[in-house]
There are 2 protein chains.
Amino acid sequence: MTFGERIRELRLARNLTLREVAAEADINFTYLSKIENGKLDFSDFPSEKLIRKLASVLGGDVDELLLLAQKIPDGIRRRVLERPEAFSRFAALTDPQIDEVLRYIGSRVHSARTTPLS
Amino acid sequence: MTFGERIRELRLARNLTLREVAAEADINFTYLSKIENGKLDFSDFPSEKLIRKLASVLGGDVDELLLLAQKIPDGIRRRVLERPEAFSRFAALTDPQIDEVLRYIGSRVHSARTTPLS
DNA sequence: TCAATTGTTGACGTAGAACTGCAATCATCC
DNA sequence: GGATGATTGCAGTTCTACGTCAACAATTGA
């Protein structure tokens, strides 16, 4: 699932046309077409600002869209900047090790979510 | 310690002038002055590209400088994009919970670092 | 004393990313 | 067959992050 595919999916799920969504997002409908088809001239994705707007207009999840566009969600970014060393260590784990740590979190660490996943 | 302060520290530690470092980094020395003094017109920090160049020229740690400039180091970024859900959960932990998980990693997860901390 | 070196600052310039917009073309669907 | 919607190439325009320039201040050292 690419970013563009997801945008299209969200748009069609609401039975909206390119023109309708583009108008609400204050962009040109041809640009939206290019976004959905991954045919942007330079860069693979639109700006973070526009991604947020599209999420809002389409009722999509901002973080999901940001990730599809290879951008770091705010909640994670904030925490990385607060605890960089911790994240460096976590990032250095292999996939199975990450899974193991997640199981540990699930079993040992309770009421973990103090803030929404954002 | 701000980004600019650290840059200046690195530069002075090598007894280099603004002009010398700027020349090596292919920028104007007045721009470097602003960077060190946190006086950039817009944005608080130079581009990621320039940060890397400065790290190289000054022999500084890229990740340290990136973090001071509120940018996510590559190693972490890559892993976040690979395992977003895991990082969301990790990021949602409180500080003490993160510390607990780090202790767990230290005690249970061996040969964790398959790649450099980058 | 004055000139050489170094650093600071406000105003200004610019390249590239982000986005526009048209024209031509195609596909569907009543 | 025309109304509606989408695609795409290409040449704009806009915006701002990035960086320069010119003038000046501070310090050093002969």
Side-chain angles (χ1 to χ4, degrees), chain A residues 1-58 60 62 65-72 74 77 81, chain B residues 1-58 60 62 65-72 77:
Chain A
M1 170 76 59
T2 67
F3 176 77
E5 285 167 0
R6 184 70 183 123
I7 292 290
R8 170 150 297 174
E9 201 172 70
L10 289 168
R11 177 172 65 82
L12 295 181
R14 309 201 146 206
N15 280 317
L16 297 171
T17 66
L18 282 179
R19 285 159 227 262
E20 287 167 341
V21 171
E24 280 205 71
D26 289 313
I27 57 171
N28 193 282
F29 75 95
T30 65
Y31 187 47
L32 182 54
S33 172
K34 288 166 196 172
I35 288 170
E36 290 190 352
N37 291 290
K39 294 268 165 74
L40 295 190
D41 293 354
F42 312 99
S43 81
D44 295 335
F45 310 104
S47 68
E48 197 160 329
K49 195 173 161 191
L50 180 52
I51 292 174
R52 291 179 195 286
K53 201 159 199 174
L54 286 173
S56 149
V57 165
L58 294 170
V62 179
L65 292 176
L66 285 175
L67 284 167
L68 285 172
Q70 326 235 82
K71 301 185 196 291
I72 309 294
D74 286 342
R77 149 183 304 279
L81 295 179
Chain B
M1 169 76 61
T2 68
F3 176 77
E5 284 166 0
R6 184 70 183 122
I7 293 290
R8 171 150 295 177
E9 201 172 72
L10 289 168
R11 177 171 66 82
L12 295 181
R14 308 202 145 205
N15 279 316
L16 297 171
T17 66
L18 282 179
R19 284 165 171 88
E20 287 167 342
V21 170
E24 280 206 70
D26 289 312
I27 56 172
N28 193 283
F29 73 96
T30 65
Y31 187 46
L32 183 54
S33 171
K34 286 170 197 172
I35 289 170
E36 290 190 352
N37 292 291
K39 295 264 167 75
L40 296 190
D41 293 355
F42 313 98
S43 81
D44 294 336
F45 311 104
S47 68
E48 197 158 328
K49 196 173 159 193
L50 180 51
I51 291 174
R52 291 179 194 287
K53 203 157 197 176
L54 287 174
S56 149
V57 166
L58 294 171
V62 179
L65 292 177
L66 285 176
L67 285 167
L68 285 172
Q70 326 234 83
K71 301 185 195 292
I72 310 293
R77 146 182 313 275

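Sequence lines set the chain letters: A, B, ... in the order given, protein chains first and strands last, and positions in each chain run from 1.
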4.5 Å side-chain heavy-atom contact, A:Leu18 and A:Arg11: yes

Do A:Leu68 and A:Thr2 come within less than 4.5 Å of each other through their side chains, counting heavy atoms only? no

Search all heavy atoms of A:Ala55 against all heavy atoms of A:Val62 and return the closest pair with its distance. CB-CG2, 3.7 Å

Looking at side-chain heavy atoms only, is the closest gap between A:Leu10 and A:Arg6 below 4.5 Å? yes

Against A:Leu32, only a single residue in A:Ile27, A:Leu50, A:Thr17 fulfils side chain to side chain contact (heavy atoms under 4.5 Å, CB included); can you say which? A:Ile27

Once you round it to whole Å, what is the distance between C1' of C:dA18 and NZ of A:Lys53? 14 Å

Could you give the CD-to-C1' distance, from B:Glu20 to C:dT5, as a whole number of Å? 11 Å

Could you tell me if the side chain of A:Arg14 sits less than 4.5 Å from the side chain of A:Glu20, heavy atoms only? no

Separation of atom CG in B:Leu40 from atom P in D:dT16, rounded to whole Å: 17 Å

Take the protein atom CG of A:Asn15 and the nucleotide atom C1' of D:dG5, then report the distance between them rounded to whole Å. 13 Å

C:dG7 C1' sits how many Å from B:Leu32 CG, rounded? 11 Å

Tightest non-hydrogen contact, residues B:Ile72 and B:Arg77, listed as CG2-N, 3.9 Å

Can you check the A:Leu54 CG to C:dA18 C1' distance for me, whole Å? 13 Å

Counting only heavy atoms and a strict 4.0 angstrom limit, can you tell me which residues of residues 2-11 of chain B come near DNA chain D? none

Assign a letter to each nucleotide of nucleotides 18-30 of chain D from its 5' end: B, base within under 4.0 Å of a protein heavy atom; S, sugar-phosphate only; -, no contact. BBBBB--------

Using whole Å, report how far CG of B:Leu12 lies from C1' of C:dT6. 11 Å

Can you confirm whether B:Arg52 sits close enough to B:Leu66 that some side-chain heavy atom of one is under 4.5 Å from a side-chain heavy atom of the other? yes

Nearest whole Å is fine: how far is C:dT6 P from B:Glu36 CD? 14 Å

A:Leu40 to A:Pro46 - nearest heavy-atom pair and separation: CD1-N, 3.7 Å

